[in-house]
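Notes follow once the structure below has been shown.
Starting from 1, each residue takes its place in the sequence as its number. Treat the numbers as computed from the prediction; the structure is a model and nothing was measured.
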Amino acid sequence: MKRAVLVSIQPCWCEKILRGEKTVEVRKTRPTLMQTPFKVYVYCTKPRFEHEDFFALVGKQGFYGGGKIIGEFVCGRIDRLVHIGYTGNQERPKYRIVDDWQKAHDISRLLEAACLTEEELETYLKGKTGFGWHISDLKIYSRPVDITNFHSCLGCEYVGDCDTYCWDPVQIPPQSWRYVEENEGVLG
């Protein structure tokens, strides 16, 4: 079984991804059981308010997708975001991208690609390490797919490998993301 990731994204961010404005998704964690590149399925959360349902923009095609899997992308790279530097005063160090060689890089391009400000990043990560998932090969489905068409194994998140019998249909969307079985047969 080939593993993939199912990620929950709010409608306002899904809209930016669909338009190509957002090419990096910032998360507090990252998959540890897979190396990049890997497939990511996008679950668009149900809108809290009517104006948040970006599928009204796609309504010409006759569907609305809040609460469904709307597409997929390939995560080809993940940047690690950490506080780096000594300011010499009470100010908190700024976030930087740290590569495998422990070299720090400016974060401004990543923030632009993630459609975030430094303040929004700081508020979201609360000073902890974060991860910038790079979005490529985006594919939006012609019809959103129900979450129960995907299978996940909770044990895989802890032990690494599972047999084919422990994969159950996903009943509830993940709070952030979860491992799922790559699923080509049911996609729109």
Side-chain angles (χ1 to χ4, degrees), residues 1-45 54-55 57-58 61 63 65-82 95 97-101 105 107-116 121 124-125 129-154 156-157 160-162 164 167 169-170 173-188:
M1 240 172 252
K2 192 164 182 188
R3 212 181 256 130
V5 168
L6 173 63
V7 66
S8 292
I9 301 178
Q10 294 174 2
C12 60
W13 300 117
C14 286
E15 182 178 358
K16 290 181 182 300
I17 291 169
L18 179 70
R19 291 182 177 172
E21 298 169 18
K22 182 174 173 64
T23 58
V24 171
E25 176 66 14
V26 174
R27 293 285 157 154
K28 294 177 182 176
T29 60
R30 61 156 294 167
T32 57
L33 301 179
M34 300 185 310
Q35 297 297 315
T36 55
F38 56 87
K39 186 177 287 189
V40 178
Y41 295 103
V42 178
Y43 174 84
C44 181
T45 63
F54 93 88
F55 283 94
L57 301 174
V58 195
Q61 298 174 8
F63 68 83
K68 303 260 187 195
I69 295 167
I70 60 154
E72 64 188 62
F73 65 84
V74 172
C75 178
R77 187 174 96 219
I78 296 179
D79 290 326
R80 189 163 54 117
L81 314 173
V82 297
Y95 272 101
I97 297 170
V98 176
D99 63 22
D100 292 339
W101 301 97
H105 303 276
I107 201 166
S108 57
R109 281 192 192 153
L110 183 131
L111 289 173
E112 186 178 329
C115 299
L116 294 172
L121 181 71
Y124 175 65
L125 294 178
T129 299
F131 300 92
W133 300 24
H134 288 258
I135 298 169
S136 63
D137 301 328
L138 177 65
K139 181 167 120 182
I140 300 298
Y141 302 148
S142 58
R143 295 207 183 279
V145 176
D146 192 76
I147 198 166
T148 57
N149 288 313
F150 286 78
H151 294 79
S152 181
C153 177
L154 189 57
C156 294
E157 298 177 31
D161 276 329
C162 287
T164 57
W167 291 80
V170 176
Q175 185 73 22
S176 179
W177 63 269
R178 74 184 309 170
Y179 295 107
V180 293
E181 176 185 5
E182 199 168 299
N183 198 347
E184 299 294 334
V186 297
L187 306 178

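Here the side chains of Val5 and Trp133 are in contact, with some heavy-atom distance below 4.5 Å. Two residues are said to be in side-chain contact when any heavy atoms from C-beta on lie closer than 4.5 Å; Leu6 and Ser152 fail this criterion. Residues Val170 and Arg178 form a side-chain contact, since some pair of their non-hydrogen atoms from C-beta on lies under 4.5 Å apart. Using a 4.5 Å cut-off on side-chain heavy atoms (C-beta onward), Leu110 and Val26 make contact. Residues Ile69 and Tyr43 form a side-chain contact, since some pair of their non-hydrogen atoms from C-beta on lies under 4.5 Å apart. Residues Leu81 and Leu121 are in side-chain contact: their nearest non-hydrogen atoms beyond the backbone lie under 4.5 Å apart. No side-chain heavy atom of Val74 sits less than 4.5 Å from a side-chain heavy atom of Val40. Side-chain contact between Arg3 and Phe38: absent, with no pair of heavy atoms (C-beta onward) separated by less than 4.5 Å.
Taking CG of Leu18 as the start and CD1 of Ile9 as the end, the distance is 11.5 Å to the nearest 0.5 Å. Between atom NZ of residue Lys39 and atom SG of residue Cys75 there is a gap of 13.5 Å, rounded to the nearest 0.5 Å. Note: Thr129 OG1 to Tyr95 OH = 7.0 Å, rounded to the nearest 0.5 Å. Annotation: the span from Cys14 atom SG to Ile140 atom CD1 amounts to 7.5 Å, rounded to 0.5 Å. Taking CD of Glu25 as the start and CD1 of Ile17 as the end, the distance is 5.0 Å to the nearest 0.5 Å. Between Lys28 atom NZ and Phe131 atom CZ the span is 12.5 Å, to the nearest 0.5 Å.
For the pair Tyr41 and Val180, the tightest heavy-atom approach, listed with the atom from each and the gap, is CD1-CG2, 4.0 Å. Looking at every heavy atom in both residues, Val145 comes nearest to Phe150 through CG1-CE1, 3.9 Å. Nearest heavy-atom pair, Glu72 versus Tyr141, reported as atom, atom and distance to 0.1 Å: OE1-OH, 2.5 Å. Minimum interatomic distance between Arg27 and Tyr124 (heavy atoms only, all atoms of both residues): CA-OH, 3.7 Å. The nearest pair of heavy atoms linking Pro144 to Lys68 is CB-CB, 3.4 Å. Here the closest heavy-atom approach between residue Ile147 and residue Pro173 is recorded as CD1-CA, 3.4 Å.
A donor-acceptor contact shorter than 3.5 Å is absent between the side chain of Ser8 and the backbone of Thr45. Listed for the Lys22 side chain is a donor-acceptor partner under 3.5 Å among the backbone atoms of Val24. Checked by atom type and distance alone, the side chain of Tyr179 pairs as donor or acceptor with a backbone atom of Leu33 at under 3.5 Å. With hydrogens and angles disregarded, no donor-acceptor distance shorter than 3.5 Å links the side chain of Thr23 to the backbone of Ile135.
Of the charged side-chain nitrogens involved, at least one lies within less than 4.0 Å of a carboxylate oxygen, so that Asp79 and Arg77 count as a salt-bridged pair.
Taking a 6.0 Å sphere around CD of Glu112, one finds it holds 12 or fewer heavy atoms contributed by other residues, nucleotides or ligands.
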